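Take a look at the structure below.
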Amino acid sequence: MPISVNEPLLDGNERKYLIECIETGWISSEGPFIKQFEQKFAAKMGRKHGIAVSNGSAALDAAVIALGIGEGDEVIMPTFTIISCAAAVARAGAMPVLVDCDATWNMDVRQIEAKITPRTKAIMLVHIYGLPTDMNPVLALADKYKLKIIEDAAEMHGQTYFGKPCGSFGDLSTFSFYPNKHVTTGEGGMILTDDDALAERCRGARNLFFGKRRYIHEELGYNLRMTNMQAALGLAQLERLDTFVERKRHIGAFYTELLTHNPHIELPIEHTAYADNIYWVYGIVLKESVPFDNDEACRRLGERGIGTRQFFWNMHEQPVFKKKGWFAGEHYPNAERIARRGFYLPSGLALTDAQMREVAQAVNLMVNG
Ligand SMILES: *Cc1c(COP(=O)(O)O)cnc(C)c1O
């Protein structure tokens, strides 16, 4: 039996709430589950407002629009992240300014200050794979230079930084509910904020900036609305977030136990001063002693029926930005190394201990040559 890379668990109240949508006829974004999901998700993360949107990338787009970021502005972000981050900034006409990652695979916050210019509007920070970015230095910089923070917490439902929920740090914080995330709505996303005006701007960006008088528009937005059916799923998923996080922690700890003696691979950091890893995915990085890269590793494990994914590909190495002449000559050695040597193992909530043993055995065999 193949072991898939990241499958959700849908055996709580998902069915019940979805049937309710059909029986009541509330299937669009006007339905009652939307408000409930927004409120409960925001409350769980300790925020005042939740704005549900169609996916996590859309949440970033809306956040950038809401902050009024545009032509001539710069936004500092990690190079090692998903395209959604840089795409949202680029589409708004602004410029992503990149920073290398550190041993946690998150943006190296010590390198941010040197990148700040008079054009810098915001820092977009992204919590990567299971450990949060070290927030305190970022918050201090934002305060010192009067910068906004967009916190991409798409992988971090249920994680905390010094005990405070991830998703509670940004002027705007964003989440994804794609099926491989800790909470899924099939496709979906959410923006969180404590700021009434910013929440209103996000709602506008989500809904074409419909004005008070319908069909008269002062600004251009998108249709980024979530449906009531998606919110129904999300609500059922949210009820079980704590168990999901516990399950992910078990998966991470068990993989580490099985792989820790292998001298050829770098494993995720389990503890930092500010958080314990929640292993959204369990990533490993091939050390120099391994004579092949992540593409080859994923191919070989795939042949054995084991689903894996290569790590993100860096923003400064993206063909789409090279064609624009962006980031020419820029190098970020840590990010370049892990993008070529890192990949993640099956990490879904339904994974069994027996499957993890099988995966670890295949990995050990592969890298021990
Ligand atoms: C998944 C993810 C997104 C995008 O979310 P979608 O719902 O797939 O659009 C954005 N940022 C990060 C860090 C992600 O992991």
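Remember, it's a predicted structure, so these values are computed and weren't measured experimentally. Note that ligands are numbered from 1 as they come in the structure, with each ligand's atoms numbered from 1 the same way.
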Nearest non-hydrogen protein atom, atom 8 (O) of ligand 1: Ser176 OG, 4.0 Å
List the closest protein heavy-atom neighbour of atom 11 (N) of ligand 1: residue, atom name, distance to the nearest 0.1 Å. Asp152 OD2, 2.7 Å
Does a side-chain N-to-carboxylate-O contact under 4.0 Å join Glu246 and Arg249? no
Stacked cation flag Arg214 on Phe210, 6.0 angstrom / 45 deg: yes
Do Lys164's NZ or CZ and the ring of Phe169 fall within the cation-pi criteria of under 6.0 Å and 45°? yes
Nearest option to atom 2 (C) of ligand 1, as decided by whichever heavy atom of Met156, Glu187, Met124, Lys181 sits closest: Lys181
Test log, rule side-chain hydrogen bond (donor to acceptor under 3.5 Å, both in side chains), inputs Gln361 and Asn364: CA-CA 5 Å; Gln361 197 178 26; Asn364 283 327; over 6 Å; no
Which atoms of ligand 1 have any heavy atom of Asn55 under 4.0 Å away? 7 (O), 9 (O)
Would His127 count as a polar contact of ligand 1, with the cut-off being nitrogen or oxygen pairs under 3.5 Å? no
Atom 9 (O) of ligand 1 - nearest protein heavy atom and its distance: Ser57 OG, 2.6 Å
Out of all atoms in ligand 1, which are within 4.0 Å of some heavy atom of Val126? Include the element for each. 13 (C)
Which protein heavy atom lies closest to atom 15 (O) of ligand 1, and at what distance to 0.1 Å? Glu155 OE2, 2.5 Å
Could you tell me whether some N/O pair between Gly56 and ligand 1 is separated by less than 3.5 angstrom? yes
Does the distance from a Lys or Arg side-chain N to an Asp or Glu carboxylate O, for Arg340 and Glu317, drop under 4.0 Å? yes
Identify whether Ile83 and Ile150 are in the same connected component of the hydrophobic contact network (ILVMFWY, side-chain heavy atoms under 4.5 Å). yes
Only one of Asp134, Leu139, Thr133 clears side chain to side chain contact (heavy atoms under 4.5 Å, CB included) with Pro137; which? Asp134
